[in-house]
Each structure stands twice: as structure tokens, then as C-alpha cells.
**Student:** 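First the structure, which I've put down as C-alpha cells, then a few questions once you've had a look.
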2 protein chains.
Amino acid sequence: MSIVNCQLSIVPYYLFNLDIMSDIPFSLDQLRILKAIADEGSFKRAADSLFVSQPAISLQIQNLERQLSVPLFDRGGRKAQLTEAGKLLLAYGEKIITLCQETCRAIEDLQNLQGGTLIVGASQTTGTYLLPKMIGLFHEKYPYVSVQLQVHSTRRTSWAVANGQVDLAIIGGEVPSELQNVLEIIPYAEDELALILPPNHPLAERGTIVKEDLYGLNYIPLDSQSTIRKVLDKVLGRCEINTAELKIGMELNSIEAIKNAVQSGLGAAFVSVTAIEKELKMGILHRAHIEGIKINRTLSVIVNYSRYRSKAAEAFIKEILPHFSSENYIPQLQRLSAENKEYLDKNVEIKDS
Amino acid sequence: MSIVNCQLSIVPYYLFNLDIMSDIPFSLDQLRILKAIADEGSFKRAADSLFVSQPAISLQIQNLERQLSVPLFDRGGRKAQLTEAGKLLLAYGEKIITLCQETCRAIEDLQNLQGGTLIVGASQTTGTYLLPKMIGLFHEKYPYVSVQLQVHSTRRTSWAVANGQVDLAIIGGEVPSELQNVLEIIPYAEDELALILPPNHPLAERGTIVKEDLYGLNYIPLDSQSTIRKVLDKVLGRCEINTAELKIGMELNSIEAIKNAVQSGLGAAFVSVTAIEKELKMGILHRAHIEGIKINRTLSVIVNYSRYRSKAAEAFIKEILPHFSSENYIPQLQRLSAENKEYLDKNVEIKDS
DNA sequence: GAATAAATATATAACAAATACTTATTTTAT
DNA sequence: ATAAAATAAGTATTTGTTATATATTTATTC
């Protein structure tokens with residue numbers, strides 16, 4: 001007789017279903033705390049920014065470190081510095097948080113535009129002079145959707161769209177090359193850059209000016225990184241004007257500041273025609289027309305190919321933009337070039353109400 | 001209402017976090033519960049599969065529904081049926097959970113040296129002639145850790161270690177005094193400086209040369225800030241040789257350039273013996289031995305006392321360095337002096353494989 | 001085939017355990 | 001001396017538990 005010794009070993013429960021139900025050794029709150037510390041540079045300030053006490057932060061981070069059995073910060077210094085593991089977790093945490101936020105908005109959308117948030121990005125010029133009108137129209141149609149406008153550089157705006165922090169953006173320059181395959185770029189209007197002078201400037205008396213006059217002026221540019229600068233270099237270069245030889249006065253970082261400077265007689269500047277509507281009407285700025293030269297740039301909407309597109313974003317692109325691609329609304333904006341118009345027609349279904 | 005967020009400061013693009021933390025109305029646990037219910041088809045069985053009681057599940061789902069203000073299940077029937085919103089949240093939840101698990105794996109990998117980065121600093125000589133071999137060995141053992149080598153002056157390298165920009169460094173000179181309490185300095189080998197001459201130089205014929213011969217030579221030094229210069233001044237000064245009286249030819253900033261210059265008959269130079277291994281073998285440089293003089297310097301590893309030491313740094317110090325502290329590997333390097341050897345033994349546990 | 005009992009699933013209530021937060025204080029590094 | 005983080009002790013909140021109620025389906029019975 002043999003005795004069958006059938007010993008049932010005790011297996012931890014989490015080994016039963018290996019695939020999905022393993023415990024996750026951190027919480028969303030902990031990730032948010034980690035991010036806050038990284039952003040603010042110290043436990044104390046992170047605590048303030050999250051409206052909790054400092055020990056709460058310390059304890060949560062200690063728990064997190066214990067759960068992961070990895071130190072996340074270099075203690076000791078006055079300011080907390082992330083270790084390599086900390087940086088890694090932060091990078092993933094940001095992804096996770098973004099995905100969670102996307103989730104929230106997707107669910108809000110399900111309530112059929114009765115709520116939710118639309119975040120629109122823009123560069124300086126479009127953000128200041130064009131988008132307020134667009135957002136106004138959108139808000140009239142969808143009063144329950146709250147709209148945020150975030151004005152940043154073209155580069156930063158593009159990244160924000162790529163990362164899903166912004167639903168869509170309107171920019172006037174080139175999308176960074178590393179993002180060109182990630183983003184959908186829909187050209188929708190042409191913006192013209194105008195040369196503005198003080199009304200009492202000698203050149204303002206003449207009807208049109210010529211290429212050579214440009215070398216005599218004192219320019220007030222936006223900082224050299226700006227899109228307007230790049231467009232100018234490109235277009236003027238094509239007209240055989242050496243932008244390097246143009247005299248540069250002070251560099252300002254706001255279009256309003258530039259307008260004021262020109263108006264005060266401090267020099268000339270190139271700015272979008274959308275930005276000087278009022279000033280031209282009031283006669284406090286003069287727009288000079290240069291013989292044979294017209295400086296255009298294409299304004300484009302960018303959205304993220306792969307990400308979930310909210311109902312609100314969809315509505316913005318399909319219902320609001322078309323109103324602004326004709327010159328009825330923004331008379332200064334040019335009609336689209338033929339090929340761009342075709343692209344727009346193909347890609348944006350016009351659902352007029 | 002629109003919020004114009006116009007921030008002009010320049011921020012690295014990876015920090016582009018535009019949305020300041022908004023609360024996330026669900027927890028990872030809730031997502032896991034949702035998934036369990038979807039998988040199992042009922043609250044009860046989900047509770048069983050998660051080893052909690054059934055009311056716990058009910059309550060969590062109720063909370064979740066309240067937080068999102070959306071019903072997630074069609075109640076009533078025997079089996080809980082997901083609503084539209086429930087399905088959407090489930091789909092996102094699975095993505096989020098997957099991303100969280102990926103995060104865990106990435107961090108575990110970092111712990112197991114299956115990832116991460118090790119940044120090693122070095123001065124010119126060690127960086128050029130010694131570290132490539134060390135890094136090669138490290139890379140063989142830990143192929144998934146990417147290693148960076150940063151070659152700078154001793155001073156700059158020391159600061160980089162102090163600031164945590166570099167995990168560890170190998171230097172041949174003195175750590176700046178203000179950092180001597182911050183850094184752990186582990187001597188691990190002695191490097192000898194040799195006087196090199198063109199093979200056809202008259203002094204090269206003689207077996208050994210004497211102190212006085214040094215005054216007749218034309219020296220090609222590294223720039224005056226370099227460690228080698230300081231060591232030379234110190235050691236030769238001790239031997240009653242006035243370095244100020246030595247004739248200086250051109251100053252070069254690369255050891256390879258100096259070797260070439262000497263080889264071409266442009267003068268003599270002091271360089272590390274580790275740098276001329278090949279040239280001596282090939283007979284294109286002559287090493288002169290000076291009677292009664294031996295110029296040594298201690299090569300040391302420096303690490304930051306107080307900072308968290310990454311697994312990779314630990315492995316480098318404990319597994320790679322010992323191989324290079326004996327003359328088996330770098331025959332030119334001298335054995336450590338007795339006291340230094342003792343220090344090394346005390347501080348570096350040799351885990352030979 | 002309607003009424004009723006049994007079975008199963010979810011909800012609620014009351015209470016217990018665990019977790020997280022707070023204030024006050026100490027330690028540490030600048 | 002100062003500012004930041006860690007620690008300690010007490011409190012509040014959250015989350016879980018058991019026990020029980022309610023609802024819905026299924027089975028049984030007349």
C-alpha cells in the first residue's frame with residue numbers, strides 16, 4: 001500500500017491570475033505628489049501647492065519609496081533632488097496622469113457637450129487677435145463647455161498638442177520636424193505680415209515704398225526665436241533682401257509693446273495684419289505697402305492624430321473654424337491658396353447651423 | 001470663460017506641463033474593480049476574485065459613479081451590464097493599468113541593472129587611456145546600462161560629482177579644498193609620469209639621465225591649469241629642480257598632440273605612462289629615466305558622500321575598479337602605496353566573479 | 001399559468017480597521 | 001539662525017467588514 005501524500009501548497013493569491021490583477025505599488029495621488037515636488041523643487045512648496053501639510057508629503061513619499069523599495073529623492077540638500085529611479089517614475093507618472101485626464105474628458109464628452117473642457121493652444125499673434133473671437137463664437141454655441149486658451153511658442157504649443165495637454169492649436173509657423181508625423185496639420189487661412197510705421201514717418205507720406213527703403217528703417221522685432229522672425233527671413237530672403245543687413249533696434253517680446261514702440265516713433269516693425277485692425281482705423285499706425293512684395297504665412301490647425309478627439313474639439317474644428325477661413329469674419333485674412341483650400345474642404349466637413 | 005495663460009519664460013520642452021493638477025475623479029483600485037466586474041460579470045464574483053466582500057465592491061462602484069456623475073452599470077438584471085460610459089471607462093482603465101504595470105517593470109529593470117544610465121567623469125589622461133577599458137568591461141557585464149563618459153578638468157569634474165551631474169569620477173589630482181568634505185575620495189592606483197623624448201635625441205642614447213640634463217630640454221606642456229603640471233611642479237620642486245627655469249616650447253591641450261610633437265623632434269614632455277604604451281612598443285618614442293627621480297600621482301575615484309548611489313555606480317566601484325587596481329590589467333600602473341591599499345581594501349568590497 | 005418559495009445579486013446599516021492628514025517638535029544642513 | 005525635511009502622537013477620513021434588507025430571477029406548487 002502506498003500512501004499518496006498529496007500536499008496542497010499554499011500559493012499567494014496574486015499568482016493565480018498573473019495577467020492583470022497584480023497590485024500596483026503606487027497610487028495616482030502619489031504620482032501627483034511626486035510631480036508636484038519635481039515641479040516646485042521642494043517638499044514644502046509641493047505641500048503648499050497641493051494644499052496639504054508638509055508631513056503629509058513626506059509620509060506619502062516615504063510610503064512610495066518603501067512600496068517600490070527604491071529611493072526617489074536625494075535628501076540632505078536644501079532642495080530635494082530626484083534620483084534616477086525618481087526621474088523614471090516621474091516620466092511615467094506624467095504619462096499616466098495625462099492619460100487619466102484624457103479619460104475624464106472622454107467621459108465628460110459622453111454627456112453630449114453639456115459639460116467638459118476644451119483646451120486650445122495658440123501662438124502669440126493668433127492667440128491674442130484671432131482666437132478670442134473664435135472662442136467667443138464657440139462659447140455662444142456651446143455655453144456649457146468651458147474653454148481654456150493657452151498662449152505659448154509654436155514649439156511648445158506643438159508639444160502640448162502631441163502630449164494631449166491641449167486639444168488643438170492654431171499656429172502660424174512650422175511644426176517641429178520630430179512632431180510632423182504625430183500631428184495632423186490642417187492649413188486653414190493665410191495671414192499677411194504688414195510693415196508698420198509711425199504715421200508721421202517720411203515714408204508714410206508716399207503711397208508705396210520700394211525694397212531699398214527697407215534698409216533705411218530701424219526695426220523692432222520679436223525675439224529671434226519667434227515664428228514671425230523665421231517667416232520674414234524666409235520671404236524677404238526670397239525677394240533678395242538680406243535680413244542680416246536690416247538695422248535692428250530693441251527686441252521686444254510682446255506685439256502690443258511693439259505696436260506702442262512704433263507708434264511712438266521708435267522704429268518700424270512687421271506684424272500680422274490681424275493685430276493692427278484698430279490702430280489702422282484710428283490712424284495711429286501707418287501700414288506701408290512695399291512694391292511687389294507680399295509676406296504671407298499659412299495659419300494651421302494642429303491636432304493629434306492618434307489621441308482621442310473630444311466632441312468639443314471636433315465641434316470647434318468643424319463648426320467654428322470654417323467661419324474664419326473666409327474673409328467675412330476677419331477681413332484681413334486672405335483666402336486660402338487653391339491647394340490649401342482643397343485640403344481644408346477635404347478634411348473639414350462644414351456643418352453650418 | 002477663457003483663461004489666457006501667457007508664459008514667456010524658456011522651459012525645456014519635456015517639462016511642458018500646461019495643465020496644473022486637476023483632481024482625478026477615480027483611483028487605480030476603482031479601475032481594477034471595474035475591470036474585475038467586467039471580467040467576472042457580477043459584483044459578487046468580482047468581489048471573490050479580488051478577495052474582498054461584496055459590499056466593498058458595491059460601495060466603490062457607487063463612489064466612482066458619484067465622482068464621475070455617470071452611471072456605469074445597468075442595474076436590475078441578475079448580471080451587471082456596463083453602460084456606454086462604463087465601457088468607455090473600462091477601455092481607458094485597461095490602458096491606464098497597463099501603463100502602470102509598464103512603469104513597475106521599468107523601475108524593476110533599473111534595480112536589476114537592466115536599464116538606466118551611468119555617467120562617469122574623468123580628467124584627460126584617465127579619460128583617454130584608462131576609462132575606455134573600464135567602461136568596456138562594465139558594458140560587457142551590464143549591457144543594458146548605458147554609460148556616458150565626460151572628460152573635463154579635475155576641478156570641473158569634482159564639481160560635477162558634487163552636484164550629482166556625474167555619478168562618479170576618476171581623477172589624478174587634488175580635489176578642490178571646498179569639496180574635500182563633500183566627496184569621498186578613494187585612491188585606487190598610482191600613475192607614473194614619464195619623460196618622453198624623440199628616439200633620435202642625443203639623450204635617448206644614454207641609459208639614464210641626470211637632474212641637470214632636464215634644463216637643456218625644450219618642454220611641451222599641457223596648459224598650465226592641468227593636473228599634470230601641478231604634480232610636476234610639486235614633485236620636481238621636492239627634488240630641487242626649479243620648474244620655472246625649464247625651457248617651455250609650445251603649449252598644447254591634447255596629449256595625443258604632445259606625443260606627436262615629441263615624436264617629430266619638437267621637444268620633450270612629461271606624460272602618463274598609460275598614455276605611451278603603444279608608442280614605446282613601436283619604438284617611436286623614447287622614455288628617459290631620470291636618476292633617482294620617480295614622478296607618481298595617485299589616481300582616485302571620487303563619489304558623493306551624501307547622495308543616493310545608483311546601483312550602476314555601486315557595481316562600477318565594486319566590480320570594475322578592483323580589476324584595474326592591480327598591475328595585471330594596466331601594467332604601467334604601480335601598485336598602491338601601503339596606506340592607500342589599506343584604504344581601498346577597507347572601502348571597496350571586492351566581489352570577483 | 002398565477003402564486004409562492006428559493007436562490008442569487010445588489011444595496012444599506014452599523015461598526016471595525018486601516019490609512020492619511022494635522023499639529024507640534026526634533027533633526028539636519030546651509 | 002534659518003529653512004527644509006523627518007518624526008511623533010493624536011485625529012479624521014476612508015475603506016473595509018459583518019449582518020441584514022431589498023430586488024430580481026428561477027423553481028415549485030396548486
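The sequence lines fix the lettering, A, B, ..., with proteins before strands; numbering per chain opens at 1.
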**Student:** What's the CD-C1' distance between B:E178 and C:dT30, to the nearest Å?
**Tutor:** 16 Å
**Student:** Expressed as a whole number of angstroms, how long is the span from B:L28:CG to D:dT14:C1'?
**Tutor:** 16 Å
**Student:** Which residues pass the side-chain contact (heavy atoms from CB on, under 4.5 Å) test with B:T103, sequence neighbours left out?
**Tutor:** A:F26, A:L89, A:Y92, A:I96, B:I107
**Student:** Using a cut-off of strictly less than 4.0 Å between a heavy atom of the residue and any atom of DNA chain D, enumerate the qualifying residues of residues 52-62 of chain A by number.
**Tutor:** A:Q54, A:P55, A:S58, A:Q62
**Student:** In whole angstrom, what separates A:K44's NZ from D:dT2's P?
**Tutor:** 17 Å
**Student:** Who passes salt bridge (charged side-chain N to carboxylate O under 4.0 Å, His left out) against B:E314, sequence neighbours left out?
**Tutor:** B:K318
**Student:** Please report the distance, rounded to the nearest Å, between CZ in B:F43 and P in C:dT12.
**Tutor:** 11 Å
**Student:** Could you state the CG-C1' distance from A:D29 to D:dT15, rounded to the nearest angstrom?
**Tutor:** 14 Å
**Student:** Under 3.5 Å, is there a donor-acceptor pair between the B:Q54 and B:S58 side chains?
**Tutor:** yes
**Student:** Hey, is the side chain of B:S42 poking within less than 4.0 Å of OP1 or OP2 on C:dT8, counting only N and O atoms?
**Tutor:** no
**Student:** Do the side-chain N or O atoms of A:N63 get closer than 4.0 angstrom to the phosphate oxygens (OP1, OP2) of C:dT19?
**Tutor:** no
**Student:** Tell me: CG of B:N181 to P of C:dT30, nearest whole Å?
**Tutor:** 11 Å
**Student:** Rounded to whole Å, how long is the line connecting atom CD of A:E65 with atom P of D:dA5?
**Tutor:** 13 Å
**Student:** Please report, rounded to the nearest Å, how far the P atom of C:dA20 is from the CG atom of A:L64.
**Tutor:** 11 Å
**Student:** A:K311: which residues meet the salt bridge (charged side-chain N to carboxylate O under 4.0 Å, His left out) condition with it, sequence neighbours left out?
**Tutor:** none
**Student:** Could I get the full list of side chain to side chain donor-acceptor pair (under 3.5 Å) partners for B:Q180, not counting sequence neighbours?
**Tutor:** none
**Student:** Could you pull out all residues at least two apart from A:Y142 that satisfy side chain to side chain donor-acceptor pair (under 3.5 Å)?
**Tutor:** A:E319
